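Working notes for the structure below.
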Amino acid sequence: MMPLLAWSWVFTLPGLLLTALGVPSSRNKAGYASLAGPPLLLLVALAALLNGGSYAVAFDNWLPFLPDGAYRALADPLSALLLAILGFVATLVYFYSLGYMATDPARRRFFVYLDLFVAAMALLVLAGNLAVLLIGWTGVGISSFLLISFWRDRPGTLSAGLQALAANAIGDGALLLAASIVPTGCGALVTLQTPRCTGGPGGAEFLALLLFVAAAAKSAQGPLYFWLPNAMAGPTPISALIHAATMVAAGVYLLVRSHALLALAPEVSLAIAVIGVATALGASVASLYQTNFKKGIAYSTVAQLGYMFAGVGVGAPFAGLFHLFTHASFKALLFLAAGIVIHGAGGRESLSELRGLGRFFPFSRVGFLIGSLALIGTPLVTAGSFSKDAIIDAAIAKQPIIGWLLLAGVILTGLYIGRLFSIVYLAPPVDVHAAHHDAQSERPMNWSLVPLMVGAIAFGWLGSWLQATLAPLLGEIEALPPPIDPRGLLAFALGAVGFGLAWWYFTRRAEAVAMAPGQPVAEGEPTYRAAGWVSVLADAGYAVARSLSRVQSGGLPRYAMGSFIGLALILLLREAIR
Amino acid sequence: MTPPQQAIVVLVVGAIVVLLMVGVVSGHPLRATVLSLPFGVVAAVVGIQSPHPFGLAIVGLCGVACVGLLLLPVLDAEVPAHVAEAAALLLLGTAGAVALATATDLLQAVVGLETLALSAVILVAISAGGRPLEAAFKYFVLGAISLAGLLYGLGLIYLGTGSFAFPSAAQIASSPLTLAGVVLVGMGFAFELALFPFHWGALDAYTAAAPSLAGFVMSASKLAAALVLGRLVLAAGVEVGQLLVWIGSLTIVWGTFGAIAQAADLRRMLAYSAITHAGFIGLALGSGANGPATAAFYAAVYGSMAMLVFAALAGSGEPELRSMGRLRAVALGLGLFSLSGIPPTPGFWAKLAVLVVAWQAAGPLPTLIAVAGGVFSVLYYLRPLPDLFAAVRGTQVTPRPVLVPGVMVAVLAVVGLGLFPGVIWALAVSS
Amino acid sequence: MSSEALVLATSAALFAVGAAGALVHRHPVAMLMAIEIMLNAANLLIVLGARVRGGADAEGAALVVLVLAAAEAVIGLALALALFRRKPVPDVDAAAELRG
C-alpha cells in the first residue's frame, strides 16, 4: 500500500480537471467530480498506516543544477498519518461545502481550488527532499491565497490574501535558502542531520533556523502570526480545512520530520519552544478581544499551534504531532459548527449579531460544545486531554518554566472558548427571526459534523498505538501520560474554571461581547486590515516603491544623465570598497 | 559555414523574402505567418547542431520568434498595415540576436547587437498609438548612446590588445585602455540586457509595444545579451564578474520595488518585472565559473515564460482581464506563476539554480537579495489572479481561434520545461 | 605629444562633446547629431587602432561602423520625425507620456 500512497498526491487531480472543464455541467451538481478524491486518499492512507512499512521514490538527475536534484517522495507511517488526517478532514469539508456553498455561483471554482490544495498538501507531506517539499509548500500557499480572496465582491479579501502571501513568502524564502545552501548531495529530508549535510556554512544551527522560520511562517507563530486571523476572510469550510487542520499544521510536520536536525541545534529548539509558548499565551489573550466569531476561533488555532511548537521545541516531537492529530478534529469541528450558524444568519460573523442564534442549530451547538470540551482538555471523554497533557508533561520534564506556563495557559483557553460558546449558543438571542433554516443545505453540513465529533471524543485513545507505530521514525519517545493523572486533572480544572467563568459572565450581561467593559463593539462588515507593525512595514514598502517608480519621470535627457551618474557611482563605490 | 552562420543566413533570406512579398502579404496576416514560419523553423533545425550553448541560444531565439510569428494574425489590431514589416523584422531581429549570441569576437557581436536593437526599436515603433512611438524613440536614443560607448570601448580594446577577440584577464591587467574598453563594452551589452542603470529606455519600450511583439523584444534581447556577456565574463575574469554581481543585485532591488508600485498597470508591472529578471541574469553571470551557463538557462526559461504571458495578452491594446476566455486566462495564470517562481514551473527551477550558484560564488548578501526579490515577487505577480480567475466564467469575447496555436505552443513549452528542466540545463552547459 | 596621443585626445574630446550634447540638448535632431559625433569619435579611435596596431580587421571595422552610424541616423531621424510631427515644439521633454 505504501507504493500507492507515495503517488497519492495525484488523487485529486482528475477531479480538478473534470470540475474545471465543467463536468458535470448542471449548476446543482457543480463540483461532484471532485468528491471522489479525498475519500480515496483517506482509504489509501488508512490502509498504509495499518500495513506499515515504508517506500521511497527517487528519480535522480531531475534537476541537475541543485545540490540534491532528484525527485524524492517518501511514504512512511508519519506521512500516512498526515495524509489520513488530510483525507479525513478534506472529505468532510467537501461534503460540508456542498451545503455551505449551495447557492454560491462560483462553487465550481471553489472545488477546483480545493482540489489544488489537497494535491499540494499531499505532495508536501510525501516530499522526500527540499526541492519537492518546496513544490508542495508553495502550492498550499498559493491555494490558500486563492481561497482567502475567493469572494471578490467583499471588501478586504484581496488584502487578506496578500497578507497571507507575504507571510508565506518569508517562509518560502527561508526554505529556498535552505535548498540552495546545503552541500552537494544533501537535501533529502531524512539525511539533513548527517555530518556531511550539516557541514555547510552555519552548520546545523543555521539550517535548523531556516526550517524554523519556514515553519513559523506557515503555522503563524511569533511575529508571523498576523495573516491567520485575517485569513478568515475566506469561506468557513476552508478556514476549517486549511487554516485549522492541515496547512497550518505543515509547519509542525516539517519540524517533526526534521527532529533529528533540531536535536543537533539546542539553541534553535529552545527558541522554538519559547516562541511557541509566547504565541500560545498571547493569542489566547487576543482571542478574548475579538468581536468576530471566526477570528476568535482563529486565534485559538494560533494558540494551539503554539502548544505544538512548544512540544517540538522541548524535544517531544511525538507529543506535538499527537496534538496536531487531535487538534485537527476538534478545531475543524469548531469551525464547521460555527459555519452552520454563520450560514444560517446570512453570512454575518460579528458576535453581537450572532448572539444567541446558536441555540436554533442543535447539531452546531452539540458540536461546538464537544469541540470546546476537547479544546480545554476534558479527560477521558475528549481527545484533547490526551495530547495536551502529553505536551505539558514533556515540557515540565524538560523545560519546567515553559511547561508550567503552558499549564497555566489552559485557564485562558477555557475563558476564550467559553466566551465564544456562551455568547453564540447560550445567551438570549438578539433577534429570534435572524436565523434562517434551509433544510437542504443544512443536511450535508450537519452530518459532516458527526465524524468530527466522534474524532474529537475518541481519537485520544489511539495515542499508544500511534506511538508504537511511529516510534522507529521519531527515535526515543517519551512515555505518554496515563488518561487520568494529577497534572492533567489540574489542567482540566483550570480550563473548566475559565469556561465556567465565561459562561457566568457572558450569559448574565446581555450586551457584553468584549472581555473588558468599555471595549468598543465593532459592528457590520469585518475588516481584514493588517496588524500594526505589518501595515507599517507594508505602507513603508509601498512608499519606497512609489518614490522609486517616480524616478522614471519621462524625460529623456534625465534618463541618459541617470545612466551616466549611475555607472559613475557604481564604479566609484567599487573602487572605494576594494 | 558553421551552423550558426547557416541559421543566420536562413533568417536573413526569410526576412528578404517577406519584404519582397509585401504586396501579397500586406493586410493578410495569416499569409505573413505562413510565409515566414518555415524560415524560423528551418533556422532552428539548422542551428541545433551547434556546440552547446550556442545550440540552446539558436533554438531558444528561433522558438521565441516562431511564437511571435504565430501571433501575427492578431496583429491587425495592434500593428495596422505593417504586418509584413513586422514579420520581416521578427526574422531579422532573430538573425541579429543569433549573431550576437554566437559571436566569437567583438566585432561580430556589435553587428549582431545593432541588428537586434534596431529591429526591436522598429518593432516597438510600428505598434499602434502614440505611446509606442515615444517609447521607441527613447529606447532608440538611449540605445544609440550606449552603442557609441560600446564602439568607443571597442576601439580602446583594439588599441590595447590588437585584436577584436574577447580580452582575457591578462590583457586587461596589462593595459588600462583595455580595462576601460571592457567596461564600456560591458555597458553596451548591459543596456541590451536592461540592467540598472541602463534600463530606462527598455522599461518604456517593454510597456508600450504591442503584446505579441513586446514578448519577442524582451526575450530575444535577454537571451542574446546573456550569452555574449557570459563569454565576456568567462574571458575577462573575476573583476568584471564582481561588477555584474553588484549591478545585478541593484537591478533586482530596483525592479522589485518598481513592480510593487504598479498595482494598476499590468503592462508596466510586467516591464519592471522584466528588469528584475534581467537582474537575476546579471547576478548569475557574475557568479563564478558556472555562472554563465546558469544565466543562459535562466534567459532561455525566461523567454518561454515571457512569450506565454504575452501570447495570452495578445490582441488587445489595454489588457482586458475581465474578458479573457478560459484558454487565455489559464495561459496567463500559468505564465504569471512561472514568472513569480512558483514550483514546479520552469521559472522556479531557474531561480533556484541562480540561488545555488550565487551562494557559492557571490556571497550571502547578493543571494539574500535574490531570495527576497524572488519570493516577494508573488505580491505583484499574483495580485491580478483572483480577479482573473473569477471572471473566467463570465462574459467572454468571441473566441479568437487565431490565437490558439501561438498560445498552445507557449503553454506546451512552459509545461514541458517545468517538468523536464534538465533538458535545457544540459543544453546550457557548454560541451 | 606624439601624433597617436593627439588623435587619442581628440577622439576623447569629441566623445565628451558628443556626450555633453546628448545630455544637454532638448531638440531631437540636436540629440541625434550629438550621437553621431560620439559614433564618429569611436570610429576615429578604431582608425587610430588600425594605424597603431596595423591590422586589416580594424580598417574593415571602421567601415562597418560607418554603415552602422548611417543606419542609426536613418532610423533616428525617421522616429524623430514621426514622433514630433504633431507637436508644436520639438522638445524631448514634452514627450513624457510614459512615466512612473
Side-chain angles (χ1 to χ4, degrees), chain A residues 20 61-67 69 105-106 108-109 131 134-139 141-142 145-146 149-150 152 157-158 161-162 165-166 168-170 172-174 176-177 179-181 201 541-542 544-546 548-550 552 554 556 558-560 562-567 569-571 573-574, chain B residues 137-138 141-142 145-146 183 187 191 196-198 200-201 203-204 242-243 246-247 250 254 256-262 272 294 297 337 342-344 348-349 351-353 355-359 364 367-368 371-372 374-376 378-379 382-383 385-387 389-390 392-393 420-422 425-426:
Chain A
N61 262 332
W62 182 44
L63 308 165
F65 40 82
L66 285 185
R108 190 179 303 280
R109 184 164 50 101
L134 270 165
I135 303 180
W137 197 268
T138 340
I142 301 300
F145 163 66
L146 289 172
S149 51
F150 184 73
R152 292 301 297 121
T157 53
L158 184 61
L162 287 174
L165 215 50
N168 200 55
I170 297 174
D172 282 1
L176 266 178
L177 203 53
S180 316
I181 70 172
Y542 279 114
V544 170
R546 266 190 302 268
L548 194 144
S549 78
R550 256 180 247 134
Q552 186 95 6
L556 180 56
R558 221 162 294 169
Y559 292 165
S563 296
F564 280 114
I565 296 182
L567 181 63
L569 276 176
I570 292 175
L571 290 173
L573 272 173
R574 257 204 82 230
Chain B
F137 182 70
K138 289 181 186 164
V141 168
L142 292 168
I145 296 177
S146 94
V183 170
M187 231 185 70
F191 173 87
F196 177 92
F198 312 110
W200 322 96
L203 194 60
D204 285 342
Q242 267 299 92
L243 196 56
W246 275 58
I247 292 183
L250 274 173
W254 192 273
T256 304
F257 274 113
I260 287 178
Q262 308 302 322
Y272 267 108
T294 312
F297 174 59
F337 278 148
I342 309 283
F348 175 71
W349 303 132
K351 283 213 169 79
L352 205 45
L355 288 176
V356 168
V357 77
W359 178 263
T367 310
L368 281 173
V371 168
V375 292
F376 286 111
V378 291
L379 288 176
L382 301 190
R383 200 196 179 99
L385 284 185
D387 287 310
F389 291 149
V392 168
R393 223 182 31 92
F420 303 107
W425 177 258

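Here the structure is a predicted model, which means the values were calculated and not measured. Every chain is numbered from 1 and lettered A, B, ... according to where its sequence line falls, protein lines coming before strand lines.
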Max heavy-atom pair count under 4.5 Å with chain A, selected residue of Val357(B), Val356(B), Val371(B): Val356(B)

Check Pro386(B) against Ser149(A) and note the closest heavy-atom contact, atom names and distance. CG-OG, 3.3 Å

Top contributor to chain A interface from Leu250(B), Leu203(B), Val183(B) [non-hydrogen pairs under 4.5 Å]: Leu203(B)

Please flag which part of Val378(B) lies under 4.5 Å from any non-hydrogen atom of chain A: side chain, backbone, both or neither. both

Can you tell me how far apart NZ (Lys351(B)) and OG (Ser180(A)) are? Round to the nearest 0.5 Å. 12.5 Å

Heavy-atom contact with chain B under 4.5 Å, split by part of Leu146(A): side chain

Per-residue contact mode, Leu368(B) against chain A (heavy atom under 4.5 angstrom): side chain

State which residues pass ring pair (Phe, Tyr, Trp, His ring centres under 6.0 Å) with Phe196(B); sequence neighbours excluded, sorted by chain then number. His199(B), Trp254(B)

Heavy-atom pairs under 4.5 Å with chain B - which of Leu569(A), Leu556(A), Ile570(A) has more of them than the others? Leu556(A)

With a 4.5 angstrom heavy-atom cut-off, is it the side chain or the backbone of Thr367(B) that approaches chain A, or both, or neither? side chain

So, using side chain to side chain contact (heavy atoms under 4.5 Å, CB included) as the criterion, who are the partners of Asp172(A) when residues are at least two apart? Trp137(A), Thr138(A), Asn168(A), Val375(B)

Measure the spacing between CZ of Phe564(A) and CZ of Phe198(B) and express it to the nearest 0.5 Å. 9.0 Å

Least distance between heavy atoms, Ala390(B) atom then Arg152(A) atom: CB-CG, 4.4 Å

Heavy-atom cut-off 4.5 Å, strictly under: side chain, backbone, both or neither for Ile142(A) against chain B? side chain

Shortest non-hydrogen contact from Arg383(B) toward Tyr542(A): NH1-OH, 3.5 Å

Atom group of Phe150(A) that falls short of 4.5 Å from chain B, counting heavy atoms: neither

Residue from Trp62(A), Phe145(A), Tyr559(A) scoring the most non-hydrogen pairs under 4.5 Å with chain B is Tyr559(A)

Considering all heavy atoms, the nearest Lys138(B)-Gly554(A) contact: NZ-O, 2.9 Å

Heavy-atom side-chain proximity of Tyr272(B) to Ser549(A) below 4.5 angstrom: yes

Using a 4.5 angstrom heavy-atom cutoff, name the option from Ile247(B), Leu382(B), Leu385(B) with the most pairs to chain A. Leu382(B)

Atom CZ in Phe348(B), atom CG in Leu63(A): separation rounded to 0.5 Å? 9.0 Å

Contact class of Ile260(B) relative to chain A, heavy atoms under 4.5 angstrom: both

Part of Ala20(A) within contact of chain B (heavy atom distance under 4.5 Å): backbone

Bottom line for Leu162(A): the part with an atom under 4.5 Å from chain B's heavy atoms is both

Measuring from Thr256(B):OG1 to Leu548(A):CG, what's the distance to the nearest 0.5 Å? 10.0 Å

Contact winner vs chain A - Ala358(B), Pro364(B), Ala372(B), Ala353(B), heavy-atom pairs under 4.5 Å: Ala353(B)

Check whether Trp349(B) gets within reach of chain A through its side chain, its backbone, both or neither, counting any heavy atom under 4.5 Å. both

Chain B contact via Leu571(A) - side chain, backbone, both or neither, heavy atoms under 4.5 Å: side chain

Answer with side chain, backbone, both or neither: which region of Phe297(B) has an atom nearer than 4.5 Å to a non-hydrogen atom of chain A? side chain

